[in-house]
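Bear in mind the structure is a predicted one, so any value in this text is a computation, not a measurement. The residues of the chain are indexed from 1 along the displayed sequence.
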Amino acid sequence: MKRILLIEDEANLARFVELELRHEGFDVTVAFEGVTGSRLALGEHWDLILLDLMLPGMDGIEVCKAIRAYKQVPILMITARDSVTDRVSGLDNGADDYIAKPFAIEELLARIRVVFRRQQQAEGEPESRLSCGELRLDPASRVVSRGAEHLELTKREFALLETFMKNVNRVMPRETLLDSVWGYDAAVDTNVVDVYVRYLRNKIDAPGAASYIETIRGIGYVMRK
């Protein structure tokens, strides 16, 4: 039985989600504020953490950062704040997916299934090192380098770069990148892809050199050797 930690300060919503998840066969524990949620997240094993962004005492971003410092457990953020900035902030600080209130329980369950499916695929498929020009990416160790220089990437930047490097010289529409990196049903817009491509270029491109990632106007992007 998979264990889910729900960190949500709205008691009625938390109770509703807890009952629905239990009905689906999950073992659910609920925390109503950030400090307790963080302690439980770090102190026990969880298969998934559902994390509200707006929490008393310690907000969701702080909790997410604290968890990511020690664990790679999947985190799905739940929040009433639905601006692009908030979505990017949550994802950039380690969340695997994002769902905005109000939501249908069917949508939440679908997102949970996607998270577990990705996890199962990652654990079951052997991964080999990828290269493009001076760039090297090792999926197993999650190390990225350009020549002799080690590059520090966020989890989302790493996933985006890995997608590009698996599809060198193939034009990738924004929608395809969104589906591949964020999930086909992720509550983010395609302009988030543009934001992350900009982040990635700033880290992987050598000063004064042509960018590895070329913009295809009106379509998306392509990584060139």
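One distance of note links CE of M165 with CD of E162; it measures 9.0 Å at 0.5 Å rounding. The line from CG of N93 to SG of C64 is 6.0 Å long, rounded to the nearest 0.5 Å.
For the side-chain contact (heavy atoms from CB on, under 4.5 Å) criterion with Y221, the lone passing option out of V193, T176, L200 is V193. Among the candidates V143, I204, L161, L137, the single residue satisfying the side-chain contact (heavy atoms from CB on, under 4.5 Å) test with L151 is I204.
Ion pairing between a basic and an acidic side chain is recognised when a charged N comes within 4.0 Å of a carboxylate O; R129 and D138 show such pairing.
Using a 4.5 Å heavy-atom threshold, the side chains of L55 and E33 count as separate. Using a 4.5 Å heavy-atom threshold, the side chains of R224 and N169 count as touching. Side-chain contact between M172 and I219 is absent, with no heavy-atom pair separated by less than 4.5 Å. L109 has its side chain within reach of E24: a pair of non-hydrogen atoms, C-beta onward, lies under 4.5 Å apart. By the 4.5 Å heavy-atom criterion applied to side chains, L13 and D52 are not counted as neighbours. Using a 4.5 Å cut-off on side-chain heavy atoms (C-beta onward), M77 and I61 make contact. For the pair H45/D47, a side-chain contact is recorded, criterion being any heavy-atom separation below 4.5 Å from C-beta on. Two residues are said to be in side-chain contact when any heavy atoms from C-beta on lie closer than 4.5 Å; E152 and K203 fail this criterion.
Contact record, F32 with A14: CE2-CB, 3.9 Å, taken as the closest heavy-atom pair. Nearest approach of T163 to N167, heavy atoms of both residues: O-ND2, 2.7 Å. Taking each heavy atom of G34 and V63 in turn, the nearest pair found is O-CG2, 3.7 Å.
The side-chain contact (heavy atoms from CB on, under 4.5 Å) search around L40 returns L5, T29, A31, T36, E44, W46, not counting sequence neighbours. Every residue was checked against the side chain to side chain donor-acceptor pair (under 3.5 Å) condition with R39, not counting sequence neighbours, and none meets it.
With Y199 contributing its side chain and L153 its backbone, the two residues share no donor-acceptor pair below 3.5 Å. For K101 (side chain) and I78 (main-chain N/O), no donor-acceptor pair under 3.5 Å exists by modelled atom type. At distances below 3.5 Å, at least one donor-acceptor pair connects side-chain atoms of E8 with backbone N or O atoms of E10. R146 contributes a side-chain N or O that, together with a main-chain N or O of D205, makes up a donor-acceptor pair within less than 3.5 Å.
Geometric assessment of R156 against the ring of Y196 yields a negative cation-pi assignment under the 6.0 Å and 45° thresholds.
The number of heavy atoms from other shown groups lying within 6.0 Å of NE2 (H150) is above 12. The environment of N202 atom CG is dense: over 12 non-hydrogen atoms of other residues, nucleotides or ligands sit within 6.0 angstrom.
Neither I4 nor L42 shares a network with the other; the hydrophobic side chains, linked directly or stepwise wherever heavy atoms of I, L, V, M, F, W or Y lie under 4.5 Å apart, form separate groups for each. No continuous path of ILVMFWY side-chain contacts below 4.5 Å connects I213 to V222, so the two sit in separate hydrophobic clusters. When hydrophobic clusters are built by joining Ile, Leu, Val, Met, Phe, Trp and Tyr residues whose side-chain heavy atoms come closer than 4.5 Å, directly or via intermediates, F16 is grouped together with L6. In this structure, F103 is a member of the same hydrophobic cluster as L21, with clusters built from ILVMFWY side-chain heavy atoms closer than 4.5 Å. I105 and I99 fall within a single hydrophobic cluster, where Ile, Leu, Val, Met, Phe, Trp and Tyr side chains are chained together by heavy-atom contacts under 4.5 Å.
In this structure, F26 and F116 have tilted ring planes: the angle between them lies in the 30° to 60° band.
Side chains of R201 and T215: a donor-acceptor N/O pair is present below 3.5 angstrom, by distance only.
For residues 55-76, the set of pairs meeting the side chain to side chain donor-acceptor pair (under 3.5 Å) definition, not counting sequence neighbours, comprises R68-D96.
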| field | Verdict with reasoning, L48 to K2, per side-chain contact (heavy atoms from CB on, under 4.5 Å) | value | CA-CA 8 Å; L48 174 68; K2 290 190 179 295; over 6 Å; no
